[in-house]
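Note that the structure is predicted; figures quoted are calculated from it, not measured. All heavy atoms count here, side chains included; hydrogens, waters and symmetry mates do not. Chain identifiers are assigned alphabetically (A, B, ...) following the order of the sequence lines, protein sequences preceding nucleic acid strands; residue numbering begins at 1 within each chain.
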There are 2 protein chains.
Amino acid sequence: MSAIRLLILGAVRQHGRAHGYQVRNDLEFWGAHEWSNAKPGSIYHALKQMAKQGLLVAHEVAPSTAGGPPRVEYEINDKGTEEFFTLLREALSSHEQKTDVLSAGIGFIVDLPRDEAVALLKERIAGLEQWRSGVTEYYTPEDGPEQLGHIGEIMNLWVHSADRGAEWTRGLIERIEGGAYTFAGEGEPFVGVLADDDPNPYTTGPHPEDNR
Amino acid sequence: MSAIRLLILGAVRQHGRAHGYQVRNDLEFWGAHEWSNAKPGSIYHALKQMAKQGLLVAHEVAPSTAGGPPRVEYEINDKGTEEFFTLLREALSSHEQKTDVLSAGIGFIVDLPRDEAVALLKERIAGLEQWRSGVTEYYTPEDGPEQLGHIGEIMNLWVHSADRGAEWTRGLIERIEGGAYTFAGEGEPFVGVLADDDPNPYTTGPHPEDNR
DNA sequence: CAGGATCTAGTCAAGTTTGACCAATGACTG
DNA sequence: CAGTCATTGGTCAAACTTGACTAGATCCTG
């Protein structure tokens, strides 16, 4: 699973209908270009692909300013919405995800009911713990850990990452259970996109060095 | 930078000369199929590509067992070796890497002199710290952190990951400075590949559930 | 008000990754 | 000893990603 589809479906969903450049701007607004592979090519490709697969409906739109390139607006439909929630739930609950997927999931976590969000995160922790015990057991040589040499450091790194990931997830659960943020069905949702006619505040701003 | 080239160059380098299937087995032996995208297609593609680019020399080999498919052996040359060390140094020193790249770097860290390994890891920590201060400063809204809503959790996650990554790296540095493992120029190197005629001990063994 | 920079909106070729598939050989099993 | 299954060694199409490029409109600046 890649993060880009979740991000794009989420972006289109918040607008109801959007063209590629709007999606691009939203992702940049969320900082997604720093922690995911959200580049123009990927975004436009994913939009086309998902339209082809019936998750989005493409509308050709007459260029607003005469002479500009032909634009395509994408509208999310029921199938797309369903896919969005499937991806979202998987992003949050599965430990077999890279950080970019989890990040995207966090970005849309408030689109779920609070209870479900917590349940999914707990599932994630359970998965991490199970993976940890499986992996440590399987890769611990019988004749002492030194048989692995420095290769053992790789496993050490992954186990460490899993432990810290679980730790962080527990913290998040606590904050959510403590009442933080506004979830689905709890009133005015958090506004996470730029208004359709806003100028993009992040173009060519002073950036921290780009990282991932 | 993707981990696969580093992994493959490293594998070929330890054999001097190897064909695709041997590389595949080494990577599996190292557990790389669990934490990187080392799948047959990627491996064979990367081998061909690097041969095309002059990092490896391809030798067509008569099938050992008559009738088998034609095999290609790849031999690493000076350019490939240089590339290997370039990638290795970057994998270890740059914080802008996914965990699979770092893992691959750790896997070959003993191919460097001990001093250099430590220096590269320290560079990594410095980068992480600088990134952290840049990012927290840039994404901290003036009107209080609550302006970000749950989106702030994404940054929180990344900062947390960076902190834990630095912590782990410090631990590794300590172990290395404490004399662990055998580095380049320190005598008999750690044997990290399967002997050319060994049976593959990892085919169809009981695996922990596959993860990444 | 000319000229450059930026914004809007997107395309494209080349490279990479995925997952399924293929065929010969050897090993096991009833 | 036929059938099945695993191993060896790899190919391929389709999907995805990357990075560079395009082109008109608009803003800014001297």
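- Nucleic acid contact class of A:Gly41 (heavy atoms, under 4.0 Å, all strands): base.
- The pair A:Arg13-A:Asp111 counts as a salt bridge, with a side-chain nitrogen and a carboxylate oxygen less than 4.0 angstrom apart.
- Across the interface with DNA chain C, nearest-nucleotide mapping of B:Lys52 and B:Pro40 shows B:Lys52 to be the residue nearer the 5′ end.
- Axis angle between the ends of the helix from C:dC1-D:dG30 to C:dG30-D:dC1, five pairs each and rounded to 10 degrees, works out to 20°.
- A:Val72 has its side chain out of reach of A:His19: every pair of non-hydrogen atoms, C-beta onward, lies at least 4.5 Å apart.
- No salt bridge links A:Arg164 with B:Asp163; every basic N to acidic carboxylate O contact stays at or beyond 4.0 Å.
- Here D:dG10 is the nucleotide among C:dG15, D:dC16, D:dG10 with the atom lying nearest to any side-chain atom of B:His19.
- The side chain of A:Lys39 lies closest to D:dG19 when the candidates are D:dG10, D:dG19, D:dT17.
- No side-chain heavy atom of A:Phe108 sits less than 4.5 Å from a side-chain heavy atom of A:Leu92.
- Here the side chain of B:Asn37 is nearest to one of D:dT11, C:dT11, C:dT17, namely C:dT17.
- In this structure, the CD atom of B:Gln49 is 6 Å from the C1' atom of C:dG15, given to the nearest Å.
- Side-chain atoms of A:Thr99 and A:Trp35 form no donor-acceptor pair, as typed in the model, at a separation below 3.5 Å.
- Distance NE2 (B:His45) to P (D:dG9): 22 Å, rounded to an integer number of Å.
- Minimum atom distance to the side chain of A:Arg71 is reached by C:dA9, of the listed C:dA9, D:dT11, C:dT18.
- Side-chain N/O atoms of B:Ser93 and B:Arg124 include no donor and acceptor closer than 3.5 Å.
- Considering only side-chain N and O atoms, B:Lys48 lies under 4.0 angstrom from the phosphate OP1 or OP2 of D:dT11.
- Following rounding to the nearest Å, A:Met1 (CE) and D:dA15 (P) show an atom-to-atom distance of 19 Å.
- Using a cutoff of 4.0 Å between basic side-chain nitrogens and carboxylate oxygens, B:Glu116 and B:Arg89 are scored as salt-bridged.
- For A:Ser42, the side-chain atoms get nearest to D:dT18 when compared with the rest of D:dT18, D:dC16, D:dG10.
- Rounded to a whole Å, the CZ atom of A:Phe29 is 18 Å from the C1' atom of C:dC7.
- Between C:dT17 and B:Ser2, a contact under 4.0 Å exists linking OP1 or OP2 to a side-chain N or O.
- The distance between atom CD of A:Glu28 and atom C1' of C:dA9, rounded to the nearest whole Å, is 14 Å.
- Considering only the side chain of A:Tyr21, C:dG10 comes nearest among C:dT17, C:dG10, C:dG15.
- If you measure from atom CG of B:Asp100 to atom C1' of C:dT17, you get 13 Å, rounded to the nearest angstrom.
- Under 4.0 angstrom from either OP1 or OP2 of D:dT8 there lies no side-chain N or O belonging to B:Arg24.
- Distance, A:Tyr74 OH to C:dG10 C1': 10 Å, rounded to whole Å.
- Straight-line distance from the CG atom of A:Leu7 to the P atom of D:dC16: 15 Å, rounded to whole Å.
- Using a 4.5 Å heavy-atom threshold, the side chains of B:Glu60 and B:Glu73 count as separate.
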